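One structure is given here, and the rest of the page talks about it.
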Amino acid sequence: MKFSVIIPTYNPHQDILSRTLVGLKRQTMKLDLWELIIINNNSSNNFQQNLNLDWHPSARLVNENKKGLTYARLKGFRESNAEFILMVDDDNVLKSDYLEQAYDIFNRYPYIGAIGGKSVPSFEISPPDWLSEFYSILALRDFGDEALTTSWDHTYPDTAPIGAGMAIRRTALNSYIKKISLGTNTISDRTPTSLTSGGDNDIILEIMKSGWQIGYFPQLVLKHIIPAERLTPTYLARLANDSSKSWAKLLQSHRINPWKTIKKSGILPRKIKAWFTYKAWKNHASYIRWRGACGLFEGLAEEIHS
């Protein structure tokens with residue numbers, strides 16, 4: 001068994017999840033060389049009733065009742081059996097050679113603990129012209145056609161893999177799994193009521209601080225399906241706010257925060273000043289930028305213990 005493919009999911013869109021599974025079904029790596037583990041994280045839409053995994057000899061659905069993407073992923077890590085792990089979101093469609101390319105990269109680079117590649121959009125409706133500025137918070141990424149590797153230097157690397165499509169060497173996960181298992185984790189991640197997203201970055205930092213390199217490899221390509229409801233200004237503003245807040249908390253927890261912490265009493269004055277700085281009333285993009293700044297202020301004002 002070369003790879004364990006883990007898909008955490010909460011109330012997935014049935015059609016989109018089906019497209020994700022079709023992408024996996026078309027992988028050029030033989031089915032008996034990888035397993036598929038879908039983690040049902042307290043879904044209430046009964047998606048499993050229409051889930052057909054008969055095409056895969058080593059596929060299974062596992063329940064994780066503790067809410068949150070972090071706990072769903074941890075369940076998948078514990079259930080997995082292969083040397084390498086691939087994290088796939090329930091709205092990703094992998095290029096057909098993704099698994100084979102990832103396996104080849106790990107064999108060629110024994111010092112790399114985690115890798116990722118291009119995450120290109122597949123929009124259900126035409127996006128607004130200003131959306132490209134916010135691609136990063138939508139987990140869309142393309143750093144070009146050159147492979148890039150990075151070692152730990154007390155900063156977060158710009159070209160680090162995102163959670164969607166991140167492939168990980170099992171032995172590189174030891175520090176992260178221990179941290180979560182001991183209950184010392186302070187990083188919030190996606191839940192049914194929150195759009196925070198620090199979990200992906202936390203995994204990367206723990207891997208790098210353990211002595212492993214991480215890498216961006218352009219031959220790893222996936223399509224990220226973006227439904228219409230994720231293109232509304234309301235959703236994007238909330239996403240910008242929660243992402244910025246969790247980003248500040250993450251950097252503080254790893255003691256690599258470049259900004260000064262602030263008192264909670266200083267949040268409101270900064271938000272008011274930022275309203276005018278960003279001209280938040282001007283258009284949707286300006287408002288989303290302002291909400292992102294507000295999230296940063298909130299994150300910098302919270303105490304972090306690690």
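Source: prediction; values computed, not measured. Numbers here are sequence positions counted from 1.
- Residues satisfying the ring pair (Phe, Tyr, Trp, His ring centres under 6.0 Å) criterion with F106, sequence neighbours excluded, are F84.
- Residues passing the salt bridge (charged side-chain N to carboxylate O under 4.0 Å, His left out) test with D90: none are found, sequence neighbours excluded.
- For the residue pair D153 and T155, a side-chain donor N or O sits within less than 3.5 Å of a side-chain acceptor on the partner.
- A donor-acceptor contact shorter than 3.5 Å links the side chain of S246 to the backbone of S243.
- Under the side-chain contact (heavy atoms from CB on, under 4.5 Å) criterion, P128 pairs with W130, L131, sequence neighbours left out.
- Ring geometry, Y216 versus F143: the interplanar angle exceeds 60°, so the pair is classed perpendicular (tilted spans 30 to 60°).
- Applying the side-chain hydrogen bond (donor to acceptor under 3.5 Å, both in side chains) criterion to H224, with sequence neighbours excluded, gives D91.
- Applying the side chain to side chain donor-acceptor pair (under 3.5 Å) rule to pairs touching residues 102-111 yields D104-R108, sequence neighbours excluded.
- Considering only residues two or more places apart in sequence or on other chains, N241 meets the side-chain contact (heavy atoms from CB on, under 4.5 Å) condition with R291, C294, E298.
- Side-chain N or O atoms of N41 include none that pairs as donor or acceptor with a backbone N or O of P8 at under 3.5 Å.
- Side-chain atoms of H13 do not come within 3.5 Å of backbone N or O of P227 as any donor-acceptor pair.
- Side-chain contact check for W247 versus I137: every heavy-atom pair is 4.5 Å or farther apart.
- In terms of heavy atoms, E124 sits closest to A228 at OE1-N, 3.6 Å.
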Going through the distances and angles, do L236 and L138 end up as a side-chain contact (heavy atoms from CB on, under 4.5 Å)? CA-CA 9 Å; L236 290 168; L138 284 169; 4.0 Å; yes
